[in-house]
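Reading through the structure tokens given below for one structure.
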Amino acid sequence: MLRPALGDRNASKPRSGEGHRSFGSLGTRVLWFCWFGWALDLYDLLLLSFLRTEVQADLGLNAEQFGTVLAVQLGASALGGFLLGRLADRRGRVLGLSLSIVLFSVGTLLTGLVDGFLGLFLARALTGFGVGGEWGIGHALVSESVPEGSRGRAAGILQSAAPVGVAMAGLMASVLGESVGWRGCFMLSAIPGLSVFLLRFVLSGSVKSGRQEQAERRQVVPLSAFLNPPLLRPGVLLLVVLTLHMATFWSVYTWLPGELRKLHSAGSVAMLQLWISGVHLVADLVFGWLADRFGRRMVFFAFTVSFAAGLSVVALRFDELVTDLFAFGLVFVPLGLGMGTWSVFGVMFREHFPSGLRATASSGLYNLARGVQGVAQPAIGVSIAATGSLTTALWFGASATLGSALFAGLLPHQSSVDESTSRPESV
């Protein structure tokens, strides 16, 4: 049977017996385990950006070399997303998630031990590879574990881990960075990831039976299904939307903390980051609630325009705003609200791809889009070095986010995913 997809308002309405108040016992446990994993994922990925000044100075890196390191961790996440996502489709979601956490935690630990460009390059490649599996597998698992009418809200809660992870990275760099050094920050940061891995291992053992695993393996869809018209069109469009949306994020958030710390104290930048993360947290929760009620397409467009408008103001007045953190924080309200859109993508993949291909599609395409940013990051590093300003990157981000809204509007209004192949799974 055909199911309503992204833009159909009815896609957000619960079926008989499905309410908005409860995710169910298993769904709630799965949601919070994935939430902690996603928070640590983004924390480990962005900690390097918050400690950019210290790392560059200690290791003797220029802006181009640092951009290359960012590029390799983004590129490695594309490979990791595909391979770990495929593992999750074939051998179980929890195994893929657990391996993802172990890999990026070890990469974070090794980052604190490097002594030059090559070591940092390899450590961040491992971090990126592990990070690649977390988002897509987690969203696939959550969307399969909660009732249809509550998927938008559950995805919003899961995505709210992102600003928490960003805030954690900012606080670690600003509060502990001066006392334990940048190396100590990375080595300490590996501990929570390994702890969540152990908890998730216990979760998988308590709720997953061998018979369920075998059933999931029999439902695996071959990779050639990506080339079938019902999956090819949404796959290509989702890749374009994700690539443009992600270009916006990385053009702003990778480089902005370092630019602000050139003019302001670490504590002041940390307070600003807490404010921005708080706005993002509200945005993620509000987006999921609104999307379940008014339709994802309309809400996605409204939030995207809000982000582009806020970023345009920052670009126009950057040299003035960067000296006044209070004004900068006010402008970031509409900008931060626009970032709530990320919670929609997990539901998009749930509605356009069958269960046996869903983790591969979500992790693979999400991280392929992230890997494409590896081309842009060195170019932005060169631009910053040449102009001494972040303005070019900001204008690029504003244009990219509007482009993502345009291509999202081209997604099919109906999915050809057969409901019999999309039954909810446990973990």
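Just so you know, these numbers come straight off a predicted model, no measurement behind them. For the numbers below, each heavy atom of this structure counts, side chains included, while hydrogens, waters and symmetry mates do not.
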Kindly give the heavy-atom pair with the smallest separation between [X] and [Y], and that separation in Å.
X      : Y      : value
Leu365 : Phe349 : CD1-CE2, 3.8 Å
Ala125 : Val72  : CB-CG2, 4.0 Å
Ser404 : Leu244 : N-CD1, 3.6 Å
Arg358 : Ser143 : CD-OG, 4.4 Å

Could you check, using the six-membered ring where one of them is a Trp, whether Phe303 and Phe287 have ring centers closer than 6.0 angstrom? yes
Any side-chain donor near an acceptor of the partner, Asp284 and Trp342, under 3.5 Å: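 No - no donor-acceptor pair under 3.5 Å links their side chains.
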Can you see whether Gln159 engages Trp135 through a side-chain donor-acceptor pair at a distance of less than 3.5 angstrom?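 Checked: Gln159/Trp135 side chains pair up, N/O donor to acceptor below 3.5 Å.
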Supply the atom-to-atom distance Ser160 OG to Leu285 CG, rounded to the nearest 0.5 angstrom. 5.0 Å
Salt bridge flag under 4.0 Å for residues Glu351 and Arg296: yes
Check for a donor-acceptor pair, side chain of Ser362 on one end and backbone N or O of Gly136 on the other, with a separation under 3.5 Å.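 Yes, the answer is positive, given that a donor and an acceptor are paired below the 3.5 Å cut-off.
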Would you call the rings of Trp182 and Phe186 parallel, tilted or perpendicular, taking 30° and 60° as the class edges?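 Perpendicular, since the angle between the ring planes exceeds 60°.
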Anything under 3.5 Å between a donor and an acceptor, one on a side chain of residues 307-315, the other on a protein residue two or more places apart or in another chain? List them.
residue: Ser312; atom: OG; partner: Ala308; partner atom: O; Å: 2.8

Please collect all salt bridge (Lys or Arg N to Asp or Glu O under 4.0 Å) contacts where either partner lies in residues 67-84, sequence neighbours excluded, each pair once. none
Pairs where residues 222-238 contributes a residue and the test side chain to side chain donor-acceptor pair (under 3.5 Å) is met, not counting sequence neighbours: none
